Amino acid sequence: MTVPALQFSDDQAQAWDRVAAILTAAGIDLDAGHCLPAQEGAAQTLAIMGKAGSGKTMLLAALTRRLIDAGVEIVSGDYEARRRRERRSLAVLAPTNKAASVLRGRGVPATTIHRILYTPVYDPEYEKIAEWLAGNRPRPSVEGLSDTALDRAQAFYAQVKSIPGALAAAGLRGSDFITGWKRRDEPLDIGFVDESSMLDARQLDDLRELFSTLILFGDPAQLAPVGQSGEMVFDTLPAPARLELSRIHRQAEGNPILDLAHALAEPDLEFEDFEQRVAAAAARDPRVQMAERVDSDLMARSPVLVWRNVTRLRLINAFRRAHDAPEAALSPGEPLICDGLELPLKHRKRRIDLEARGLIKGAQVVYLGPGRKPGFSRLHIFGAEEPQISVASIIKIETDPDEEPVIPYAATMGAAFVHGAACTIHKAQGSQWPDVQVFAPDLYAAARAGRSEAGLPLWKRLAYVAITRAEHRLHWVIRNRLARPRAPLSTEDLSAETAPARLTMQEDEL
């Protein structure tokens, strides 16, 4: 058995050996640290499954580092240098930008599936800079860019291996150096996919067409994609193509949040019994809190997680009333969630430019104030390299599921947003926050409904996903009440992180 310097459990070591054997057959020797040119052969797919804390991300990160040490090139989705045929490549993917940013926060160079399916076409002049930063050509001379600007790009790239980020540091933006986008027409080599429980069957087919070696990492206890009847894509793989990690590494640290999450696997556990366990955990560890009310201050940066849409709307409107927010306008500091980009096909370049900056469906943002032109909003995008942006917006304030939303700001077309003080547990998959509030009355309603998903009571799956979104502290809210805010809405916690926002998606360009 081959075990890297990192100390693995037995099941992790077995998974490492299984992946190593697949890579060896594909021409990459992890032990020797070298690789051969890709050979024609049968494509292979392997799923590595495990619950929260079982070490999936630890294993993925270790495999990624070893492949990089062996000379495998990372395909990030930002920019791809002209690769020689004999070079091998690896793409680390996640279904959403939120999930990818969680991996990047742990040092793994991840991107989204969407960014791998579509590749940018660079302006030839700026491609010279990209090739120079990638180490494939000498320092260029580019008209309109000073040596100081190139030095800034180089310094940025030395810290963060992002070509678009480096070009932005030189004073450029995506619409300057990206002239178009095209569907990837050449297959790739190795793909690692995290959060694969979120994949649907079509995405898996696309990935299998793209990668000759595909390794899926997923949690079988999470919620399956809507429309798949509780089935996850790795459930369709033959038994030899599935491995499960069972040891819970983080439990060794005495993590009460993970203890609660894994207790949900007990078949005879009822909701009332589980809530008593939450109360017991809260009595002995401050990382678990039994809350009589929803904390409205936390809602400004971490949404309350709920099951039902009607609960989501009630909490959002209670939050806005508590902060004396105007009925038909937003106050700076209010949280939003991107609900998609409403742009026609001819503006695909604008769409990809915004998505490249992190403004994709599900992105969490904070409203900073109105933009320079009618219909524009200044926003802070969590997890983006350049988080502050001004964009044509269509903002919807929902008050009742049976009524049309109030639309305080509406450009002809642009990015659509809904309020982000609360969100459904389904939409929270792939995200994590330091503090998470779980609205227990909704989970009790799911328990009373008696619904199941893939043989497991729905309330248990909902509780598991909601609990494991908490990085440091879990707030189990037991009453349908909202506490008054202790402080007014503010953007001061965001202003120091970046320079002022640049205007993008100008109306005369649309």
Side-chain angles (χ1 to χ4, degrees), residues 47 49-54 56 95 195-201 218-236 242 244-246 248 250-251 255-282 288-291 294 303-312 314-315 422-432 436-470 474-480:
M49 301 172 292
K51 294 183 179 180
S54 60
K56 299 185 300 297
E195 296 286 356
S196 61
S197 59
M198 299 173 66
L199 297 178
D200 58 35
D219 187 337
Q222 290 200 15
L223 293 158
V226 176
Q228 291 205 179
S229 303
E231 185 179 67
M232 300 180 188
V233 292
F234 38 70
D235 294 331
T236 65
R242 300 197 305 263
E244 187 152 0
L245 304 179
S246 56
I248 307 304
R250 284 180 282 170
Q251 270 191 325
N255 188 325
I257 298 172
L258 286 173
D259 288 342
L260 290 170
H262 291 285
L264 291 161
E266 298 176 16
D268 297 330
L269 184 71
E270 299 294 337
F271 179 85
E272 292 80 3
D273 300 326
F274 179 72
E275 195 158 66
Q276 289 177 8
R277 294 198 187 189
V278 177
V288 178
Q289 302 281 328
M290 291 291 283
V294 175
V304 182
L305 303 186
V306 304
W307 171 44
R308 299 174 294 189
N309 190 53
V310 65
T311 307
R312 179 181 72 89
R314 286 173 181 167
L315 285 169
C423 77
T424 62
I425 295 169
H426 271 91
K427 287 191 175 181
Q429 289 197 117
S431 296
Q432 285 189 310
V436 164
Q437 299 185 84
V438 179
F439 195 70
D442 251 23
L443 299 184
Y444 176 68
R448 290 289 300 272
R451 291 173 54 180
S452 295
E453 183 177 289
L456 191 69
L458 177 61
W459 79 265
K460 289 188 174 183
R461 286 194 181 273
L462 291 167
Y464 178 87
V465 172
I467 286 171
T468 53
R469 301 310 95 200
L474 169 68
H475 303 256
W476 187 263
V477 182
I478 60 175
R479 297 285 184 268
N480 191 8

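Sequential numbering from 1 along the given sequence is applied to the chain's residues. Since this is a predicted model, take the numbers as computed values, not measurements.
The main-chain N or O of Val306 is never found under 3.5 Å from a side-chain atom of Asp442 such that the two would form a donor-acceptor pair. When atom types are taken as modelled, the side chain of His475 and the backbone of Val304 share no donor-acceptor pair closer than 3.5 angstrom. A distance-only check finds no donor-acceptor pair linking the side chain of Gln429 to the backbone of Gln222 [under 3.5 Å]. With Lys51 contributing its side chain and Ala265 its backbone, the two residues share no donor-acceptor pair below 3.5 Å.
The shortest distance between side-chain heavy atoms of Pro220 and Glu244 falls below 4.5 Å. Using a 4.5 Å heavy-atom cutoff, the side chains of Val288 and Ile257 are in contact. At a threshold of 4.5 Å between non-hydrogen side-chain atoms, the residues Phe271 and Pro457 do not count as touching. In this structure, the side chains of Leu443 and Ile425 come closer than 4.5 Å at one or more pairs of heavy atoms. Within the 4.5 Å cutoff, the side chain of Tyr464 has no heavy atoms near those of the Leu456 side chain. Proximity of Leu462 to Leu305: side-chain heavy atoms (C-beta onward) are nowhere separated by under 4.5 Å. Here the side chains of Glu272 and Tyr444 are in contact, with some heavy-atom distance below 4.5 Å.
More than 12 heavy-atom neighbours from other residues, nucleotides or ligands sit within 6.0 angstrom of CZ on Arg308.
Minimum interatomic distance between Ala466 and Val436 (heavy atoms only, all atoms of both residues): O-CG1, 3.8 Å. Heavy-atom minimum distance, Trp459 versus Ala446: CB-CB, 4.0 Å. In plain terms, the two heavy atoms of Arg277 and Ala263 that are nearest each other are NH1-CB, 3.5 Å. Considering every non-hydrogen atom in both Gly53 and Leu258, the closest pair reads CA-CD1, 4.2 Å. Nearest heavy atom pair, residue Val438 against residue Leu474, reads CG2-CD1, 3.6 Å. Ala282 and Met290 make their closest contact through CB-CG, 3.8 Å (heavy atoms, listed as atom of the first residue, atom of the second, distance).
Distance CG/Leu269 to CD/Gln276: 10.0 Å, rounded to 0.5 Å. From Ser197, atom OG reaches atom CE of Met49 across 11.5 Å, with rounding to the nearest 0.5 Å. Summarising the geometry, atom CD belonging to Gln437 is positioned 10.5 Å from atom CD belonging to Gln289; distances are rounded to the nearest 0.5 Å. Atom CG of Leu264 is separated from atom CZ of Arg461 by 11.0 Å, given to the nearest 0.5 angstrom. Taking CG of Asp273 as the reference point, atom CD of Glu266 lies at 9.5 Å (rounded to 0.5 Å).
Residues passing the ring pair (Phe, Tyr, Trp, His ring centres under 6.0 Å) test with Trp476 are Phe274, sequence neighbours excluded. By the side chain to side chain donor-acceptor pair (under 3.5 Å) test, Arg312 is found to be paired with Asn309, Glu398, residues two or more places apart in sequence or in another chain being considered. When the side chain to side chain donor-acceptor pair (under 3.5 Å) test is applied to Arg242, no partner is found at least two apart in sequence or on another chain.
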Test side-chain contact (heavy atoms from CB on, under 4.5 Å) on Leu223 and Leu458 and set out the steps. CA-CA 9 Å; Leu223 293 158; Leu458 177 61; 4.0 Å; yes
